[in-house]
Engineer: 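A single structure is presented below for examination.
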Amino acid sequence: MRDVAVVAGASRGIGREVCRQLSDLGYAVVAGVRDLAKAPPGLDLCALDVASDESVAAAAAWVAERHGRCDVLVNNAAILYDTWARASSADVAEVRAALETNLFGAWRTTLAFLDLLRRSPRPRIVNVSSEGGSLTSMRGGTPAYRVSKAGLNALTRMLAAELRPDGILVNSVCPGWTATDMGEHGGRPVQAGAASVVWAATLPDDGPTGGFFRDGRPLPW
Ligand SMILES: NC(=O)c1ccc[n+]([C@@H]2O[C@H](COP(=O)([O-])OP(=O)(O)OC[C@H]3O[C@@H](n4cnc5c(N)ncnc54)[C@H](OP(=O)(O)O)[C@@H]3O)[C@@H](O)[C@H]2O)c1
């Protein structure tokens, strides 16, 4: 039986390429997309809007029914790279919207899939973060996005500590500036950004947990 990987935010960009790379490695990949009509062909699709409790619960039930377990969960969905905004003049509603998807989305998806992850012999959770959320290099601007990724990194630390006894490895990964819609099609090729994520999805049993990485190398929190 192939290992099962669930990727949230798989309709395009890094998430879509993570699906392709994990498929090539032999995983049974479930591509979580919020709009099935927009989804790319050739993937095993599952409706998954990480901002909706109902959608996330239905997706977990769908994976349970179809596969009976989840070996890898990639929390990749994100919105609102708000380079136009400043913390000192922020629209709090916009910040809240970013948190709903980028932080609470990853959190509720993880909670919904935990039972399925515990059924795996080698469970992994990858929170796709950004160096923009690093407190060490934090500066002004892009407030909704930065605070959502800093929160996501905190979630990684807590989950890693709490889930270590279950053998679940939990890490944050920055894909680097990558040529997607969010990356405004500059930066490195999507294959490289996705490979940074796939590294953490395919860690060996003695691999790290509770870390923040890009290309397999630690980043400062
Ligand atoms: N690109 C970069 O330079 C860069 C750098 C650092 C970190 N990252 C991180 O890498 C990850 C992927 O980014 P990307 O560049 O591939 O972004 P992208 O091209 O904008 O794609 C974002 C993906 O998230 C999905 N999504 C958004 N809200 C969702 C929701 N509520 N439920 C389910 N899916 C949702 C989108 O689906 P729809 O098609 O339905 O909108 C899309 O598939 C993000 O976590 C991002 O913060 C990217």
Side-chain angles (χ1 to χ4, degrees), residues 6-22 29-41 43 45-60 62-63 73-83 94 96-110 112-113 125-134 137-138 142-153 155-156 171-201 212-215 219:
V6 176
V7 180
S11 65
R12 54 194 165 94
I14 291 165
R16 179 178 176 171
E17 175 62 15
V18 166
C19 290
R20 198 193 62 75
Q21 292 187 13
L22 288 174
V29 176
V30 175
V33 297
R34 62 176 161 175
D35 182 354
L36 288 170
K38 270 190 2 188
L43 292 174
L45 299 173
C46 174
L48 174 57
D49 178 348
V50 302
S52 157
D53 288 335
E54 295 73 23
S55 173
V56 169
W62 187 90
V63 172
L73 174 64
V74 180
N75 288 313
N76 167 77
I79 56 168
L80 261 169
Y81 187 58
D82 56 335
T83 50
E94 198 165 75
R96 189 177 291 121
L99 292 176
E100 194 59 64
T101 294
N102 303 3
L103 172 59
F104 302 141
W107 205 331
R108 69 163 63 80
T109 306
T110 301
F113 279 85
I125 299 171
V126 186
N127 289 329
V128 182
S129 184
S130 165
E131 196 174 11
S134 168
S137 56
M138 191 70 70
T142 325
Y145 187 77
R146 284 182 192 279
V147 83
S148 73
K149 295 299 192 182
L152 183 65
N153 285 350
L155 179 66
T156 293
N171 291 289
S172 278
V173 165
C174 174
W177 180 30
T178 302
T180 62
D181 294 339
M182 183 179 284
E184 296 184 337
H185 300 280
R188 62 186 186 159
V190 70
Q191 291 83 358
S196 191
V197 176
V198 167
W199 173 83
F212 185 24
F213 299 95
R214 183 192 298 130
D215 298 334
L219 284 175

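Counting starts at 1 for both ligands and their atoms, in listed order. As the structure is a prediction and not an experimental result, all values here were calculated from the model.
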Engineer: What residue and atom, counting heavy atoms only, is the protein's closest point to atom 16 (O) of ligand 1, and at what distance?
Structural biologist: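 Here the closest protein heavy atom is Ile14 N, 2.8 Å.
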Engineer: Please state whether Lys149 comes within less than 4.0 angstrom of ligand 1, counting heavy atoms only.
Structural biologist: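 Within the 4.0 Å threshold, so yes.
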Engineer: Where is the nearest protein heavy atom to atom 39 (O) of ligand 1: which residue, which atom, and how far?
Structural biologist: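 Of the protein heavy atoms, Ser11 OG, 2.5 Å lies nearest.
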Engineer: Show me which atoms of ligand 1 lie under 4.0 Å from any heavy atom of Gly183.
Structural biologist: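 Counting atoms of ligand 1 from 1, those under 4.0 Å from Gly183 are 1 (N), 3 (O).
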Engineer: Provide the number and element of each atom of ligand 1 under 4.0 Å from a heavy atom of Asp181.
Structural biologist: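 Checking each atom against Asp181, I get 19 (O).
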Engineer: Under the 3.5 angstrom rule, does the side chain of Asp82 hit a backbone N or O of Ala144 as a donor-acceptor pair?
Structural biologist: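 Checked: pair present.
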Engineer: Does only the side chain of Glu131 get under 4.0 Å from ligand 1, or the backbone, or both, or neither? Count heavy atoms.
Structural biologist: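 Glu131 to ligand 1: no contact under 4.0 Å from either part.
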Engineer: Can you find an N or O of Ser130 that's nearer than 3.5 Å to an N or O of ligand 1?
Structural biologist: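 There is no such contact.
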Engineer: Taking it one step at a time, do Ser55 and Asp49 satisfy side chain to side chain donor-acceptor pair (under 3.5 Å)?
Structural biologist: CA-CA 6 Å; Ser55 173; Asp49 178 348; 5.7 Å; no
Engineer: At the 4.0 Å heavy-atom cut-off, does Ala8 count as touching ligand 1?
Structural biologist: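 No, that is not the case, since the closest heavy atom of the residue is not under 4.0 Å from the ligand.
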Engineer: Can you list the ligand 1 atoms lying under 4.0 Å from a non-hydrogen atom of Val128?
Structural biologist: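 Answer, ordered by atom number: 9 (C), 10 (O), 11 (C), 45 (O).
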Engineer: Tyr145: which residues meet the ring-ring contact (aromatic ring centres under 6.0 Å, His included) condition with it, sequence neighbours left out?
Structural biologist: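 For Tyr145, the residues satisfying ring-ring contact (aromatic ring centres under 6.0 Å, His included) (neighbours in sequence not counted) are Tyr81.
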Engineer: Which of the numbered atoms in ligand 1 are under 4.0 angstrom from any heavy atom belonging to Lys38?
Structural biologist: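 Every atom of ligand 1 under 4.0 Å from some heavy atom of Lys38: 38 (P), 39 (O), 40 (O), 41 (O).
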Engineer: Would you check if the side chain of Gln191 reaches a backbone N or O of Glu17 as a donor-acceptor pair within less than 3.5 Å?
Structural biologist: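 A pair under 3.5 Å: no.
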Engineer: Polar-atom distance check: Asp35 versus ligand 1, any N or O pair below 3.5 Å?
Structural biologist: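 No.
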Engineer: Provide, to 0.1 Å, the distance between atom 11 (C) of ligand 1 and the closest protein heavy atom, together with that atom's residue and name.
Structural biologist: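 That would be Asn76 OD1, 3.2 Å.
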Engineer: Without swapping roles, check the side chain of Ser148 against the backbone of Leu99 for a donor-acceptor pair under 3.5 Å.
Structural biologist: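 Judged by distance alone, no pair lies under 3.5 Å.
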Engineer: Give the contacting part of Ala78 toward ligand 1: side chain, backbone, both or neither, where contact means a heavy-atom distance below 4.0 Å.
Structural biologist: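 It is both backbone and side chain that touch ligand 1.
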Engineer: Contact between ligand 1 and Ser55 is defined here as a heavy atom of the residue under 4.0 Å from a ligand atom; is it met?
Structural biologist: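 No heavy atom of Ser55 comes that close to ligand 1.
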Engineer: Can you name the residues that form a ring-ring contact (aromatic ring centres under 6.0 Å, His included) with Trp199, not counting sequence neighbours?
Structural biologist: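 Once residues adjacent in sequence are excluded, the partners of Trp199 under the ring-ring contact (aromatic ring centres under 6.0 Å, His included) criterion are Phe213.
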Engineer: Just by modelled atom types, is the Pro175 backbone N or O under 3.5 Å from a matching donor or acceptor in the Arg188 side chain?
Structural biologist: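 Yes, Arg188 side chain to Pro175 backbone: donor-acceptor pair under 3.5 Å.
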Engineer: Would you please test Glu94 and Leu80 for side chain to side chain contact (heavy atoms under 4.5 Å, CB included) and show each step?
Structural biologist: CA-CA 8 Å; Glu94 198 165 75; Leu80 261 169; 3.6 Å; yes
Engineer: Could you tell me whether Gly15 and ligand 1 have an N or O pair separated by under 3.5 Å?
Structural biologist: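 In fact, backbone or side chain, Gly15 has no N or O that close.
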Engineer: Tell me the protein heavy atom at minimum distance from atom 40 (O) of ligand 1, and give that distance in Å.
Structural biologist: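 Looking only at protein heavy atoms, the one closest to atom 40 (O) of ligand 1 is Arg34 NE, 2.8 Å.
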Engineer: Which of the numbered atoms in ligand 1 are under 4.0 angstrom from any heavy atom belonging to Trp177?
Structural biologist: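 By the 4.0 Å cutoff, the relevant atoms are 3 (O).
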Engineer: Decide whether the shortest distance between a heavy atom of Gly176 and an atom of ligand 1 is less than 4.0 Å.
Structural biologist: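 Under 4.0 Å: yes for Gly176.
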Engineer: Quick one: which ligand 1 atoms are inside 4.0 Å of a heavy atom on Val50?
Structural biologist: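 Counting atoms of ligand 1 from 1, those under 4.0 Å from Val50 are 30 (C), 31 (N), 32 (N), 33 (C).
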Engineer: Is a side-chain N or O of Asn171 found less than 3.5 angstrom from the main chain of Thr156, in a donor-acceptor match?
Structural biologist: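 The answer is no, because no donor-acceptor pair under 3.5 Å joins these two groups.
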Engineer: Which protein non-hydrogen atom lies closest to atom 1 (N) of ligand 1, naming both residue and atom, and how far is it?
Structural biologist: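 Heavy-atom neighbour on the protein nearest atom 1 (N) of ligand 1: Thr180 OG1, 3.1 Å.
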Engineer: Under 4.0 Å from a heavy atom of Ala51: which atoms of ligand 1 are those, numbered in the order shown and with their elements?
Structural biologist: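 This gives 31 (N) as the contact atoms.
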Engineer: Does CD in Glu184 sit with more than 12 non-hydrogen atoms of other residues, nucleotides or ligands closer than 6.0 Å?
Structural biologist: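 No - once you tally the heavy atoms of other residues, nucleotides and ligands closer than 6.0 Å, there are 12 at most.
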Engineer: For side chain to side chain contact (heavy atoms under 4.5 Å, CB included), just list the numbers for Asn76 and Val18, CA-CA rounded to whole Å, side-chain angles, deciding distance to a tenth of an Å, and then say yes or no.
Structural biologist: CA-CA 9 Å; Asn76 167 77; Val18 166; 5.6 Å; no
Engineer: Please confirm whether Ile79 comes within less than 3.5 Å of ligand 1 when only nitrogen or oxygen atoms on both sides are compared.
Structural biologist: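 Checking ligand 1 against Ile79, no N or O pair falls under 3.5 Å apart.
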Engineer: Near Tyr145, which atoms of ligand 1 are under 4.0 Å from a heavy atom of that residue?
Structural biologist: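 Ligand 1 atoms under the 4.0 Å threshold to Tyr145: 6 (C), 7 (C), 8 (N), 9 (C), 46 (C), 47 (O).
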Engineer: Check step by step if side chain to side chain contact (heavy atoms under 4.5 Å, CB included) holds for Leu73 and Val6.
Structural biologist: CA-CA 5 Å; Leu73 174 64; Val6 176; 4.1 Å; yes
Engineer: Check the pair Glu54 / Arg108 against salt bridge (charged side-chain N to carboxylate O under 4.0 Å, His left out), numbers first and verdict last.
Structural biologist: CA-CA 10 Å; Glu54 295 73 23; Arg108 69 163 63 80; over 6 Å; no
Engineer: Any heavy atom of Tyr81 closer to ligand 1 than 4.0 angstrom?
Structural biologist: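 It does not; every heavy atom stays at 4.0 Å or beyond.
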Engineer: At under 4.0 Å between heavy atoms, is it the side chain or the backbone of Leu48 that contacts ligand 1, or both, or neither?
Structural biologist: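 It is the backbone that touches ligand 1; the side chain stays farther off.
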Engineer: Is Thr101 near ligand 1, meaning one of its heavy atoms is under 4.0 Å from it?
Structural biologist: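 Thr101 counts as a contact of ligand 1 under the 4.0 Å cut-off.
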